[in-house]
Amino acid sequence: MVLTIYAAAMALIVILSVWWKPRALPKDHPPIIDIPAEEMFRNPRRAYESALNEHGPIIAVYRKGRLEFIVNEQFTTEVLTNDSVFSFESGTLTVLNLHPLLLLPRSFIRDIDKLVNEGLVPLMNQIIQQITPIFERNIRVLTDKAQSATSKDPAPVDLAGLVHRTMAESMLTIIFGEAYTTLADIRAAEKIASDIAVLSGIYQNIGYWSRTFPTSWRVITWIRIMAFSIPWNFIRVIGFRVWKDLRSCTKTGSTGHLRKETLLHYLVRRYSYKDAHAVRLTLLDSLWILGLTLGLLFASIHQTAAVIVWVVFELAVRPESIPILRAELQDVLEVDEHSGKLVLTNASLKNAERLDSFIREVMRTKGDTLSTIRLTLRDVTLGGYTIPKGQLVCPLATLSHRNPAYHGEDAEEFVSDRWVGQSKPAVMVSPTYWPFGLGRFACPGRALAVAEIKLAVFFLIGRAFPVLEGNKYEVVDPLNITSVPPVGRLLLQPAPPVF
Ligand code: HEM
């Protein structure tokens with residue numbers, strides 16, 4: 001049943017994707033600027049900033065076969081926050097190649113937003129308690145290698161692989177509960193998060209085929225992931241069990257078999273018939289819940305794992321920060337009232353102001369360019385030009401994040417403690433800092449993401465000194481900084497355990 005409904009929905013989406021066509025441009029549209037692919041993909045910041053400098057605050061540029069309207073910092077707030085004209089939902093689903101989902105009678109994005117804001121955020125203390133042991137156990141695999149290494153002969157470790165696995169295990173625990181964290185479940189969640197990330201175009205900038213023939217790449221990748229990868233990795237391994245759990249809620253009229261603290265439990269209560277005394281879900285509601293959990297796995301695993309790699313690499317090339325953060329770790333640890341041991345709690349993470357400042361500085365300076373996007377819901381007049389309905393509009397992030405008018409003369413520099421004592425935590429977005437987006441749909445999972453980054457960093461530096469071979473890393477995809485982690489050979493030197 002679940003596969004039949006899924007196949008029918010997918011067929012409809014393919015037909016609509018082919019049918020969907022943008023309208024012609026009006027006469028007073030912003031100038032269309034040709035940025036050579038090599039320049040755009042190798043040095044997007046320079047390419048787009050000089051085009052904006054030369055041609056005015058709004059330009060139109062073809063990228064991977066799509067026309068995008070790029071605006072400078074003057075229009076950033078208007079574009080990102082005026083959701084009645086510049087739609088987050090339409091922009092994001094279009095960029096993810098999922099725009100036909102907009103035709104569904106329910107809003108996928110609004111529902112997933114509600115799921116995080118109402119189901120996850122209020123339970124942060126409890127969630128941090130649940131996932132701290134996962135981070136501790138997994139990162140220990142790396143730091144144990146450091147304990148048997150020496151300063152002269154440090155141990156090479158695969159940080160990216162490990163944090164991806166750790167994020168997958170954590171999110172499975174939060175969404176479905178521990179029963180869904182077998183090795184096969186974790187592998188399936190990792191695979192599905194990476195595959196949807198591929199579908200959203202995160203590696204599209206790197207491959208020759210995907211850059212040169214973007215339309216055929218999109219169609220084939222879409223079919224591969226929707227028709228094969230999701231059924232094989234998600235539905236076969238995780239989806240069928242979740243489906244059975246959901247159907248048995250209706251059969252028994254109860255949620256007794258679900259863990260109360262999971263998001264699945266929250267979703268069943270939310271979609272259950274309002275007028276029935278017992279729990280009852282329609283088939284469509286059950287399918288919708290499956291879709292939301294899949295969407296959340298994608299939104300939460302891949303990007304956070306990539307940013308953890310960014311933060312650790314930036315730390316490795318700034319060894320002077322490590323003793324400061326180790327001292328802070330010592331300060332923020334709390335005593336567990338049952339065991340009397342020193343532990344990291346949600347309060348410890350909140351109190352870690354120096355690490356928070358370091359993370360905020362990484363997120364500000366790592367070089368996001370075209371990361372946050374909107375789609376016009378009607379013809380819009382902006383800066384004297386008309387941008388027609390149905391067009392993608394994107395502010396250039398470096399013009400906010402590296403702007404001396406916003407961040408002072410040293411805006412280009414990485415200042416680890418820039419935000420200490422400023423009451424501007426890493427999660428606080430504004431028109432001058434928006435790595436988590438801005439406005440009504442700014443990332444609802446950012447508090448969890450930053451807490452997870454802190455857990456990973458503290459468990460790592462609590463027992464090891466990270467260093468990078470040659471003291472350098474490579475930015476693989478400058479046009480997709482947040483989703484594609486930097487590459488380098490990470491080595492761990494032993495450090496006296498902080499706790
Ligand atoms: C460092 C990691 C993360 C980064 C950099 C990040 C960044 C973003 C950005 C830029 C947006 C779009 C906002 C906009 O356009 O204004 C977004 C949306 C979203 N993020 Fe995150 N995110 C991260 C982690 C997470 C996590 C851990 C979760 C879930 C627990 C999550 C859930 C979502 C959801 C559901 C949306 C859709 C928008 C909405 O529902 O309001 N994200 N994120």
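All ligand and atom numbering here is 1-based and tracks the order in the structure.
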Using 4.0 Å as the upper bound for N to carboxylate O, is an ion pair formed by [Y] and [X]?
| X | Y | answer |
| --- | --- | --- |
| Lys454 | Asp356 | yes |
| Asp195 | Lys191 | yes |
| Arg106 | Asp285 | yes |

Numbering as shown, the atoms of ligand 1 that approach [X] to under 4.0 Å (heavy-atom distance):
| X | value |
| --- | --- |
| Ile112 | 35 (C), 40 (O) |
| Leu438 | 16 (O) |
| Thr482 | 5 (C) |
| Leu448 | 30 (C) |
| Phe88 | 12 (C), 13 (C), 14 (C), 15 (O), 37 (C), 38 (C) |

**Prompt:** Is a side-chain N or O of Arg364 found less than 3.5 angstrom from the main chain of Ala426, in a donor-acceptor match?
**Reply:** no
Just let me know how [X] lines up against ligand 1, side chain, backbone, both or neither, with a heavy-atom cut-off below 4.0 Å.
| X | value |
| --- | --- |
| Trp434 | neither |
| Leu296 | side chain |
| Leu115 | neither |
| Thr372 | side chain |

**Request:** Would you check whether Arg374 has a nitrogen or oxygen atom less than 3.5 angstrom from a nitrogen or oxygen atom of ligand 1?
**Result:** yes
**Message:** With nothing but distance in play, are any N or O atoms of Asp113 less than 3.5 Å from an N or O of ligand 1?
**Reply:** yes
Residue, atom name and distance, where the atom is the protein heavy atom closest to [atom]:
| atom | value |
| --- | --- |
| atom 1 (C) of ligand 1 | Val307 CG2, 3.6 Å |
| atom 24 (C) of ligand 1 | Thr304 OG1, 3.5 Å |
| atom 13 (C) of ligand 1 | Phe441 O, 3.3 Å |

Partners passing side chain to side chain contact (heavy atoms under 4.5 Å, CB included) against [X] (at least two apart in sequence or in another chain):
| X | value |
| --- | --- |
| Arg137 | Ile134, Glu169 |
| Thr76 | Glu73, Leu80, Pro395, Ser400, Trp434 |
| Leu123 | Gln126, Ile127 |

**Prompt:** Excluding waters, which protein N, O or S atoms are within less than 2.8 Å of atom 21 (Fe) of ligand 1?
**Reply:** Cys443 SG
**Asked** Among side-chain atoms of Ser321 and Ser416, is any donor-acceptor pair under 3.5 angstrom?
**Response** yes
**Request:** Give the intermediate values and the outcome of side chain to side chain contact (heavy atoms under 4.5 Å, CB included) for residues Phe313 and Val362.
**Result:** CA-CA 10 Å; Phe313 277 23; Val362 172; over 6 Å; no
**Message:** Can you tell me how the ring of Trp419 sits relative to the ring of His407, calling it parallel under 30°, perpendicular over 60° and tilted otherwise?
**Reply:** perpendicular
**Message:** Between ligand 1 and Pro435, can you find any atom pair, the residue atom being a heavy atom, that is separated by under 4.0 Å?
**Reply:** yes
**Request:** Assess Ile301 for proximity to ligand 1: is some non-hydrogen atom of it under 4.0 Å away?
**Result:** no
**Message:** Can you tell me how far apart CZ (Arg259) and CG (Leu264) are? Round to the nearest 0.5 Å.
**Reply:** 12.5 Å
**Request:** Give the intermediate values and the outcome of side chain to side chain contact (heavy atoms under 4.5 Å, CB included) for residues Glu452 and Ile131.
**Result:** CA-CA 9 Å; Glu452 287 170 327; Ile131 63 171; 3.7 Å; yes
**Message:** I need the single residue from Asp245, Thr293, Asp185 that forms a side chain to side chain donor-acceptor pair (under 3.5 Å) with Tyr180. Which is it?
**Reply:** Asp245
**Request:** Report, as yes or no, whether the 6.0 Å neighbourhood of atom CD on Glu178 holds more than 12 heavy atoms from other residues, nucleotides or ligands.
**Result:** no
